[in-house]
Amino acid sequence: MFYREAGQFKASYAEDSRIFTIRQDRVGFWLLMLIFGVAVPLLANQYWLKAILIPVLIFSLAALGLNILTGYAGQLSLGSAAFMAVGAFAAYNFMLRIEGMPFLLALVLAGLTAAAVGILFGLPSLRIKGFYLAVATLAAQFFIVWVLVKFPWFSNHSSSGVVTAQDVNILGYTFDTPQAKYILTFLIVAGMALLAKNMVRSSTGRAWMAVRDMDVAAQVIGFRLMRTKLLAFAVSSFYCGVAGALYAYTYIGTVEPEGFNLDLSFKILFMIIIGGVGSIMGSFLGAAFIVLLPIFLDNVVPAIFGDTLGAGFVSNFQLIVFGGLIIFFLIVEPHGLARLWQIGKEKLRLWPFPH
Amino acid sequence: MKLKHSVLLGAAVAGLLGSATASAEEQFVGLPSYRVGPYAAGGSGLFGGWIDYMQLINERDGGVNGVKLSWEECETEYNNARGVECYERLKKKGSAGNTVFQPVSTGITYSVLEKVAQDKIPMVTIGYGRTDAADGRVFPWVFPMITTYWSQASAIVNFVGMKEGGMDKLKGKKIGLLYHDSAYGKESHAILDKLAAKHGFEVIKIAVAHPGNEQQSQWLQIRQAKPDYVILWGWGVMNPTAIKAAAKTGFPRDKLIGVWWSGAEEDTIPAGPAAKGFVAAGFNVAGANYPVVADIKKFVYGKDKGNMEDKTRIGSVYYNRGVVHGIITVEAIRKAQEKYGKGKALTGEQVRWGFENLNLDDARLKALGATGFLPSLKISCADHEGPGKVKFQQWDGSQWKVITDWVDSDRPLIRGMIEESAAAYAKEKGIKPRDCSKES
C-alpha cells in the first residue's frame with residue numbers, strides 16, 4: 001500500500017542496474033541526504049554534531065570497512081581498531097613530516113598505508129579460515145598497537161605517546177567549527193559508502209561473496225583466491241584507516257595507541273552483527289545503535305532511578321540494559337537491523353493485506 | 001547516593017523530593033565519573049569523596065558564600081569517546097555553564113585539551129594528565145595541580161636517597177622500574193633517565209603488558225638484576241600481582257615503592273599479608289581522623305546524604321583523593337568570588353582565574369581541617385602545578401601509615417623539562433605563550 005511499486009517499469013539497462021530501483025527508495029534516500037547533509041548542519045547544536053553525529057558517521061565507516069571483509073568476503077577479523085590506528089598515525093605523520101601536505105591526500109595516503117598493513121596481515125587468510133583467522137587478526141591488533149607504543153618515532157617522540165592532530169585545511173579553508181567538520185566527515189563517509197555499495201554490486205563484490213559462500217567452489221569456477229581475499233583485506237583496511245584518520249582529525253583531535261584497543265575492535269564487530277552482516281545500510285544502523293544506545297541510557301536511566309538508587313548501581317544497570325537489548329535484538333532478528341528494515345519494507349508493500 | 005542532584009530532572013523533581021536544590025544561584029560542577037569498568041574501584045571512591053565534600057559545603061556552610069553547588073554525573077567508563085561526549089553534554093549545564101572539567105583520566109584529558117580553551121572552561125588534572133601543561137603560559141586553561149608524574153618520580157628518588165642517608169649514596173645503586181606498558185607507564189622514563197645520570201644510579205626498566213596479572217618473567221628478571229629498590233608504576237590488577245610476586249621472589253616489600261595509582265587499599269588488600277611493609281607515594285593521605293573527613297561524617301552521613309554505599313571506604317586513599325578534588329574545586333570558586341562578586345554563580349572563565357590565583361597556605365588548610373591531608377599549594381600564571389610534593393605511606397597489614405613528611409622533588413630540573421616540552425608544543429601548534437607579567 002505505502003510501498004507500492006506498481007507502474008514503475010525498468011525500461012533500460014541503466015534503470016535496471018541503479019542502486020535504488022524503486023522510486024520510494026530514491027525519494028527516501030535523497031530526503032535522508034538532504035536532512036543529514038543540509039538540515040542537520042544548519043539546525044543541530046554543537047553537542048549533537050561533536051559528540052553524537054560525527055562519531056556515528058566515523059564508526060559507520062569503520063563498520064563498513066569490517067563489513068566488506070567479514071560480511072561480504074567472509075573473513076572474520078578482530079583487528080579493525082588496529083587498522084584505524086594505522087590510519088590515524090599515518091595521517092598524522094604524513095601531515096607532520098611532509099611540508100604543505102594537503103589533508104585529503106594525507107587521508108588517502110593514510111588509507112593506503114592501512115591497506116598495505118592489512119594485506120600483510122591478510123596473508124594468513126590464504127591458509128587458515130574462520131576462528132583461526134580471527135586469532136591471526138588478533139595478532140595484528142596487539143602487534144600494531146605495540147609497535148606504535150614501542151617506537152616513539154610514530155608519535156613524534158611525545159613523552160606520553162599521545163599525538164595531537166593538526167588543523168584540517170583544504171584549499172585555504174580551515175575546518176575548525178563543528179559544522180564544517182561534520183560536513184567534511186559526512187561528504188567523505190557518504191562518498192565512500194557509495195563507492196562500497198557499487199563495489200559490492202560489481203564483479204569484485206560478487207567474487208568476494210563467492211569466496212565467502214564456498215571458497216573451493218569459487219576457486220573451481222575461476223576466481224583467484226589470493227587476489228580476492230587480499231583485495232578484501234586491502235579495501236577493508238583502507239576504509240578502517242580512513243575512519244581512523246577522521247577519528248583523529250574531525251572527532252577527538254588527539255590519539256593515543258591504547259585508544260585503539262581490542263575493546264574498540266569488538267565494538268566494531270558488534271556494530272556489524274547488530275546492524276547486519278553483509279549489508280551497507282546495516283553498518284550505519286549498527287554504528288548508530290552501538291554509539292547512541294549507551295548515551296541514551298546514560299541520559300534516561302539516572303533520570304528515572306538516579307534519586308532512589310546508588311550511582312554505582314545506575315552505571316552498572318545501564319550496561320545490563322545495553323547487553324539485554326543486544327541479546328533481544330539478536331533473538332528477534334539474528335540477521336540484524338538491516339534485515340528488520342527489509343522485513344518492514346515487505347510488510348509495508350503488502351499492507352493492509354497479509355498475503 | 002540518596003540524592004543525586006540532577007539538573008536533568010530540573011526543579012520539578014527536586015521540589016517533589018523536598019530537596020533544597022532549587023535556589024537562585026547555583027554553581028554547576030560536571031562530574032565525568034566512572035563507576036563501571038576496570039577503574040571502577042578507584043572511580044567510585046574518588047567521585048564519592050568529591051561529591052561528599054561538595055555536599056558538606058552545601059549542608060554545613062549553605063554553599064560557597066551562599067551559592068549552592070550543584071552537580072551531575074556522566075558515566076565515561078574511562079573511555080575517551082564517552083569522555084568527550086560527557087564533556088560536551090555537561091558544558092552548557094547549570095545557570096553559568098560547567099565550572100570546571102576534571103576527567104580523572106589521562107586519555108580524556110588529551111581528548112579535550114584543545115576544546116577547553118575554545119569553550120573557556122578550566123580543566124584541572126590532579127595527579128595525571130599532561131605534565132607539561134604545568135607551564136601556564138602555554139596552557140592557560142589546564143591545571144595539572146599539586147604534582148605531576150615527573151615530580152612524583154623525582155620525589156621517589158629523593159625518598160630513596162633519604163632512606164640511604166643522602167643523595168650521594170645513590171651512586172652505583174640499581175633502581176628497578178616495573179611499569180605498566182602504556183603511555184602512562186612510559187611517562188616515567190625521561191625523568192628517571194635524567195635523574196640516573198645526575199645521581200649516578202642505574203635504572204632497570206621492566207615492562208608489564210596490560211593488564212599485568214602475569215609477572216613471572218618480570219620478577220625473574222628482577223631477581224637476576226638484584227636492584228636495590230623497585231618502583232612499581234602500575235595500575236589495577238597489576239599492583240597486587242606485583243606485590244604478591246615480590247613476596248614470592250623474596251624481594252623486601254619495604255623496598256618496593258608504589259606510585260599514587262599503585263598505593264590504595266584496593267591494591268594492598270587483595271595482596272593479603274604479602275603487602276605488609278609495601279610503601280607508596282601519595283599527594284593525599286589515607287585516614288578518617290582528619291577534621292574535614294570527620295565533618296563529612298557528621299554533616300553529610302549524619303543526615304544520610306552521603307554518596308558512598310560502602311561506608312567503610314570513607315577515609316581510604318581514593319576517597320580522600322576525591323575530597324582533595326572537592327577542596328580544590330570549592331576553594332577556586334571561593335577565590336574567584338572574591339574578584340567577581342561574592343554570592344554569584346560564576347562562569348568557567350571566572351573560575352579559571354580562581355584556580356590560577358589559588359593559594360592554600362597552612363593557615364587556610366588548617367581552617368579547612370585538612371592540615372597534612374594535602375600539601376600547601378600556591379598556583380601562579382606560569383606555574384600551574386604547585387608544590388610537587390608527596391608523602392610516603394606504608395601498609396602495616398591493615399591500614400596505611402604515613403612515614404614521611406612532604407617529600408620535595410627536583411624542582412629546577414623538572415621545571416626545565418616542562419618548559420622545554422611546553423615550548424615544543426607551543427611551536428608545533430603556533431601558540432604564543434602568555435606574558436605573565438601582564439596578568440592580574
Side-chain angles (χ1 to χ4, degrees), chain A residues 45-52 55 58-59 96 142 146 149-150 152 155-167 176 178 247 251-259 261 263-264 291 294-295 297-304 306-319, chain B residues 1-4 6 8-9 13-14 17 19 33-37 40 44 47-48 51 72-75 77 79-82 84-89 91-92 106-107 110-115 118 130-132 149-150 181-184 186-187 189-190 209-210 307-309 417 421 425 428-429:
Chain A
N45 62 16
Q46 276 206 8
Y47 168 70
W48 274 87
L49 289 175
K50 272 161 116 172
I52 303 213
I58 291 171
F59 282 116
L96 177 78
F142 285 105
W146 177 80
V149 173
K150 176 80 183 168
S155 53
N156 198 23
H157 300 277
S158 141
S159 66
S160 53
V162 183
V163 300
T164 316
Q166 298 89 342
D167 283 341
D176 49 1
Y247 184 86
Y251 177 37
I252 293 248
T254 57
V255 281
E256 51 178 340
E258 282 92 5
N261 55 13
D263 284 356
L264 188 61
V291 175
I295 297 173
L297 290 174
D298 197 37
N299 275 309
V300 168
V301 173
I304 300 172
D307 284 308
T308 46
L309 302 166
F313 178 81
V314 166
S315 289
N316 282 298
F317 186 66
Q318 291 171 36
L319 286 187
Chain B
M1 170 184 77
K2 294 289 182 293
L3 273 173
K4 209 197 88 176
S6 159
L8 244 187
L9 286 165
V13 176
L17 291 166
S19 112
S33 63
Y34 41 94
R35 292 172 183 274
V36 293
S44 58
F47 285 96
I51 290 170
E72 183 184 324
E73 284 188 69
C74 178
E75 175 66 49
E77 296 177 20
N79 174 308
N80 294 355
R82 290 289 299 275
V84 171
E85 193 270 323
C86 282
Y87 169 78
E88 296 289 341
R89 195 199 303 176
K91 85 179 177 195
K92 288 268 152 60
T106 299
Y110 277 96
S111 302
V112 299
L113 195 75
E114 287 176 14
K115 296 185 175 75
Q118 284 164 10
R130 189 176 174 122
T131 302
D132 61 7
Y149 286 134
W150 293 351
D181 198 4
S182 64
Y184 152 67
K186 293 195 159 191
E187 192 79 37
H189 288 190
H210 176 80
N307 189 274
M308 299 298 289
E309 280 161 64
M417 285 172 71
S421 171
Y425 179 84
E428 190 187 318
K429 285 277 154 189

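All chains are named by letter (A, B, ...) in the order of the sequence lines, taking the proteins before the strands, and each is independently numbered beginning at 1.
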Heavy-atom side-chain contact between Leu319(A) and Glu77(B) under 4.5 Å: yes
Chain A contact via Tyr425(B) - which portion, at a heavy-atom distance below 4.5 Å: side chain
Stepwise side chain to side chain contact (heavy atoms under 4.5 Å, CB included) check, Gln318(A) with Val36(B): CA-CA 10 Å; Gln318(A) 291 171 36; Val36(B) 293; over 6 Å; no
With Thr254(A) via side chain to side chain contact (heavy atoms under 4.5 Å, CB included) - residues at least two apart: Val162(A), Thr164(A), Ile252(A), Tyr110(B), Ser111(B)
Atom group of Pro152(A) that falls short of 4.5 Å from chain B, counting heavy atoms: neither
Closest contact, heavy atoms only, Glu258(A) versus Asp181(B): OE2-O, 4.1 Å
Cys74(B) versus Asp298(A), closest heavy-atom pair with distance: SG-OD2, 3.6 Å
Test ring-ring contact (aromatic ring centres under 6.0 Å, His included) applied to Phe317(A) - qualifying residues, sequence neighbours left out: Phe305(A), Phe313(A)
Tyr251(A) versus Lys115(B), closest heavy-atom pair with distance: O-NZ, 3.6 Å
Chain A contact via Glu75(B) - side chain, backbone, both or neither, heavy atoms under 4.5 Å: both
Point-to-point distance, once rounded to the nearest 0.5 Å, from NZ of Lys50(A) to CD of Glu85(B): 13.0 Å
4.5 Å side-chain heavy-atom contact, Arg82(B) and Pro294(A): yes
Contact check, side chains of Asp176(A) and Gln118(B), non-hydrogen atoms, under 4.5 Å: no
Least distance between heavy atoms, Ala81(B) atom then Tyr247(A) atom: CB-OH, 4.2 Å
Working for side-chain hydrogen bond (donor to acceptor under 3.5 Å, both in side chains), residues Glu256(A) and Asn80(B): CA-CA 10 Å; Glu256(A) 51 178 340; Asn80(B) 294 355; 3.1 Å; yes
side-chain hydrogen bond (donor to acceptor under 3.5 Å, both in side chains) between Lys92(B) and Gln46(A), worked out: CA-CA 10 Å; Lys92(B) 288 268 152 60; Gln46(A) 276 206 8; 5.1 Å; no
Spacing of CD belonging to Glu428(B) relative to CG belonging to Asn156(A), to within rounding of 0.5 Å: 6.0 Å
Heavy-atom proximity to chain A below 4.5 Å, by part of Asn79(B): side chain
